[in-house]
S.K.: 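Sharing a structure here in structure tokens format.
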Amino acid sequence: MRKSNIEKTGNQPWIIVVFIVLSLLIVFPLLYVIAVSVSSDADIARYGYKLIPKSISFQAYEYIFRTPKGLLQSYLITIIVTTVGTTLSLLLTSSIAYVMTRKDYRYSRLTTFFVFFTLLFNAGLVPSYIVATNVLHIQDTLWALILPYGVSAWFTMLMKGFMDGLPFEIIESAKIDGSGEWGIFIRIVLPLTKPALATIGLFYALAYWNDWWLAMLYIQSEHLVPLQYYLQRIMTNIEFLTKNMQAGINVDMSAIPAESSRMAIAILAAGPMMFAFPFFQKYLIKGLTVGSIKG
């Protein structure tokens with residue numbers, strides 16, 4: 001009887017309607033961004049932001065793709081940084097969390113304290129800059145875009161919470177069978193934590209993909225500029241030209257679609273991750289809900 005009542009409640013139409021409305025509220029802003037990105041600045045100034053453009057214009061994308069080599073190179077740099085950085089971050093985060101959950105490790109509590117301490121207190125920008133430039137000497141290299149985000153204390157604590165749910169008897173039985181520490185970690189622990197790895201990996205990938213701050217601090221070479229910083233510089237140039245025009249300097253703004261370029265930049269920056277998200281969705285939902293049901 002209880003099961004049938006639950007199924008009956010789950011099939012109520014109003015629940016479906018609520019989720020449809022919520023989905024539309026999420027999709028409509030994205031549709032607005034796409035619509036504005038393919039509108040002309042003249043139509044935007046005259047009619048405002050419209051969900052259905054008065055006329056289709058790809059002037060914003062033509063302006064951004066005016067130098068395709070730089071854009072494609074920045075995409076390549078971002079893809080490399082995101083791939084290598086996410087892989088390295090998952091390896092470091094999971095290995096530290098695994099050490100913190102081992103009951104037979106003498107310094108597990110001390111390690112947990114150090115990780116939690118860095119979650120509460122941060123040294124700040126100046127010490128991290130000195131370490132990156134004067135100690136590690138990674139400025140103007142890809143490592144400057146990867147290592148500063150290598151380990152997140154918050155994600156490490158999340159991974160620890162997931163690994164705490166793994167039965168320690170599995171590790172003991174693997175040790176009895178002669179498996180080494182790396183064998184236990186790679187062959188047993190990592191496959192069992194796949195949902196958590198996918199969830200945290202998605203957050204790491206988003207952090208690497210959306211970052212422009214590290215490039216502004218450490219990158220001088222034009223060949224190492226990531227996508228977000230490249231698009232941010234385009235937007236800065238448009239704003240600079242707009243201010244010069246307002247100051248009375250003769251600038252032809254008809255060839256520079258300021259408003260639509262902002263939306264086109266948002267589409268180019270977020271588009272690849274939106275296509276990649278569905279592949280992680282199954283593991284993401286499981287990773288976020290694991291441990292919430294007991295018994």
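In this chain, numbering begins with 1 at the start of the sequence shown.
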S.K.: Treating Ile, Leu, Val, Met, Phe, Trp and Tyr as nodes and any side-chain heavy-atom pair under 4.5 angstrom as an edge, say whether V17 and L25 lie in one connected cluster.
M.R.: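 Both belong to a single hydrophobic cluster.
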S.K.: Using 0.5 Å steps for rounding, measure from the CZ atom of F185 to the OG atom of S94.
M.R.: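 These two atoms lie 3.5 Å from each other.
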S.K.: Show your reasoning for whether side chain to side chain contact (heavy atoms under 4.5 Å, CB included) applies to N134 and Y129.
M.R.: CA-CA 8 Å; N134 295 344; Y129 184 84; over 6 Å; no
S.K.: Side chains of L147 and L88: does their closest heavy-atom pair fall under 4.5 Å?
M.R.: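 L147 reaches L88 side chain to side chain.
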S.K.: Any donor and acceptor pair, going by atom type alone, linking the side chain of T111 with main-chain N or O of M100 inside 3.5 Å?
M.R.: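 No, the answer is negative, given that no donor and acceptor are paired below the 3.5 Å cut-off.
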S.K.: Calculate, to the nearest 0.5 Å, the distance between atoms CD1 and OG1 belonging to I200 and T156 respectively.
M.R.: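 Answer for the CD1-OG1 pair, I200 versus T156, is 7.5 Å.
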S.K.: Y107 vs Y105 aromatic rings, parallel, tilted or perpendicular, using cut-offs 30° and 60°?
M.R.: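 Perpendicular.
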S.K.: Under a 4.5 Å side-chain heavy-atom rule over Ile, Leu, Val, Met, Phe, Trp and Tyr, are F121 and V126 clustered together?
M.R.: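 Shared cluster, no.
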S.K.: Where is the tightest heavy-atom contact between I138 and A144, given as atom of each residue plus distance?
M.R.: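 Answer, listing the atom of I138 first, then A144: O-CB, 3.2 Å.
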S.K.: Considering only heavy atoms from C-beta outward, does the side chain of L119 approach that of V115 to under 4.5 Å?
M.R.: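 Side-chain contact under 4.5 Å: no.
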S.K.: Is there a side-chain contact between T87 and L91 (heavy atoms, below 4.5 Å)?
M.R.: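 Heavy-atom side-chain distance check fails, nothing below 4.5 Å.
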S.K.: Verify side chain to side chain contact (heavy atoms under 4.5 Å, CB included) between Q228 and L214, making sure each step is shown before the conclusion.
M.R.: CA-CA 11 Å; Q228 303 293 343; L214 294 179; over 6 Å; no
S.K.: So E172 and K103, salt bridge (Lys or Arg N to Asp or Glu O under 4.0 Å) or not? Walk me through it.
M.R.: CA-CA 11 Å; E172 290 181 332; K103 299 178 181 178; over 6 Å; no
S.K.: Between A60 and S37, what is the shortest heavy-atom contact and its length?
M.R.: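 Minimum heavy-atom separation between A60 and S37: CB-O, 3.9 Å.
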S.K.: For the residue pair F58 and Y61, does the interplanar ring angle fall in the parallel (under 30°), tilted (30 to 60°) or perpendicular (over 60°) class?
M.R.: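 Geometry flag for Y61 against F58: tilted rings.
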S.K.: Tell me if the CH2 atom of W209 is crowded by more than 12 foreign heavy atoms within 6.0 Å.
M.R.: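 For W209, atom CH2 is crowded (more than 12 foreign heavy atoms under 6.0 Å).
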S.K.: As a test of understanding, state which of L142, T82, L72, I219 forms a side-chain contact (heavy atoms from CB on, under 4.5 Å) with I77.
M.R.: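 Of all the options given, the one that passes is L142.
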S.K.: Just so I know, are the side chains of V189 and I170 near enough to count as touching, which here means a heavy-atom distance under 4.5 Å?
M.R.: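 Side-chain contact under 4.5 Å: no.
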S.K.: Can you tell me how far CE of M163 sits from CD1 of I96, rounded to the nearest 0.5 angstrom?
M.R.: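 So the CD1 of I96 and the CE of M163 are separated by 11.0 Å.
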S.K.: Got a sec: does the CZ of F114 have more than 12 other heavy atoms crowding it under 6.0 Å?
M.R.: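 Not more than 12 within 6.0 Å, no.
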S.K.: Only one of F203, F155, Y208 passes side-chain contact (heavy atoms from CB on, under 4.5 Å) with S89; say which it is.
M.R.: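 The single option meeting the side-chain contact (heavy atoms from CB on, under 4.5 Å) with S89 is Y208.
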S.K.: Under 3.5 Å, is there a donor-acceptor pair between the T93 and Y204 side chains?
M.R.: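 Yes, because at least one side-chain N or O of T93 sits under 3.5 Å from a partner of the opposite role on Y204.
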S.K.: Taking a hydrophobic cluster as the set of Ile, Leu, Val, Met, Phe, Trp and Tyr residues connected by side-chain heavy atoms closer than 4.5 Å, whether directly or through intermediates, do F117 and L120 fall within one such cluster?
M.R.: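 Yes, because F117 and L120 connect within a single hydrophobic cluster, where side-chain heavy atoms sit under 4.5 Å apart.
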S.K.: To the closest 0.5 Å, what do you measure between CD1 (I267) and CG (L231)?
M.R.: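 Rounded to the nearest 0.5 Å, the CD1-CG separation comes to 12.0 Å.
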S.K.: What distance do L158 atom CG and S152 atom OG have between them, rounded to the nearest 0.5 Å?
M.R.: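 L158 atom CG to S152 atom OG measures 8.0 Å (nearest 0.5 Å).
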S.K.: Within the structure provided, determine whether L125 and S128 are in side-chain contact (heavy-atom separation under 4.5 Å).
M.R.: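 Yes, their side chains come closer than 4.5 Å.
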S.K.: For a 4.5 angstrom cut-off between non-hydrogen side-chain atoms, does F65 reach L268?
M.R.: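 Yes - at least one pair of side-chain heavy atoms lies under 4.5 Å apart.
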S.K.: Same hydrophobic cluster for Y149 and I130, using side-chain heavy-atom links shorter than 4.5 Å among ILVMFWY?
M.R.: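 Looking at the clustering, I130 is in a separate group from Y149.
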S.K.: For the residue pair S74 and Y229, confirm or rule out a side-chain donor-acceptor distance under 3.5 Å.
M.R.: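 Looking only at side-chain atoms, Y229 and S74 do not form any donor-acceptor pair under 3.5 Å.
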S.K.: Could you please spell out the steps behind the side chain to side chain contact (heavy atoms under 4.5 Å, CB included) verdict for T141 and Y218?
M.R.: CA-CA 8 Å; T141 65; Y218 302 117; over 6 Å; no
S.K.: Any side-chain to backbone donor/acceptor pair from D211 onto A207? Under 3.5 Å, distance only.
M.R.: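 Side chain of D211 to backbone of A207, a donor-acceptor pair under 3.5 Å: no, none is there.
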S.K.: Nearest 0.5 angstrom please: I176 CD1 to I171 CD1, how far?
M.R.: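 Separation between the atoms: 12.5 Å.
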S.K.: Do L76 and V81 land in one hydrophobic cluster if side-chain heavy atoms of ILVMFWY residues count as linked below 4.5 Å?
M.R.: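 Yes, same cluster.
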S.K.: Looking only at heavy atoms, what is the nearest atom pair of I146 and G85, with distance?
M.R.: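 Shortest heavy-atom contact: CG2-CA, 3.7 Å.
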S.K.: Walk me through whether R233 and E222 qualify under salt bridge (Lys or Arg N to Asp or Glu O under 4.0 Å).
M.R.: CA-CA 12 Å; R233 291 200 306 187; E222 294 293 329; 2.8 Å; yes
S.K.: Taking the ring of Y75 and the ring of Y230, is the distance between their centroids below 6.0 Å?
M.R.: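 They do not qualify: ring centres at least 6.0 Å apart.
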S.K.: Any non-hydrogen side-chain atom of L227 less than 4.5 Å from a side-chain atom of I79?
M.R.: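 No, too far: nothing below the 4.5 Å cut-off.
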S.K.: Whether the side chain of T86 engages the backbone of T83 through a donor-acceptor N/O pair (distance < 3.5 Å, no angle test) should be reported.
M.R.: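 No.
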S.K.: Strictly under 6.0 Å, is that where the ring centroids of F28 and Y32 end up?
M.R.: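 No, ring centres 6.0 Å or more apart.
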S.K.: For a 4.5 angstrom cut-off between non-hydrogen side-chain atoms, does M159 reach L197?
M.R.: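 Contact flag for M159/L197 side chains = yes.
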S.K.: For K160 and T112, what are the C-alpha separation, side-chain angles and deciding distance, and is it a side chain to side chain contact (heavy atoms under 4.5 Å, CB included)?
M.R.: CA-CA 9 Å; K160 176 185 180 298; T112 303; 3.8 Å; yes
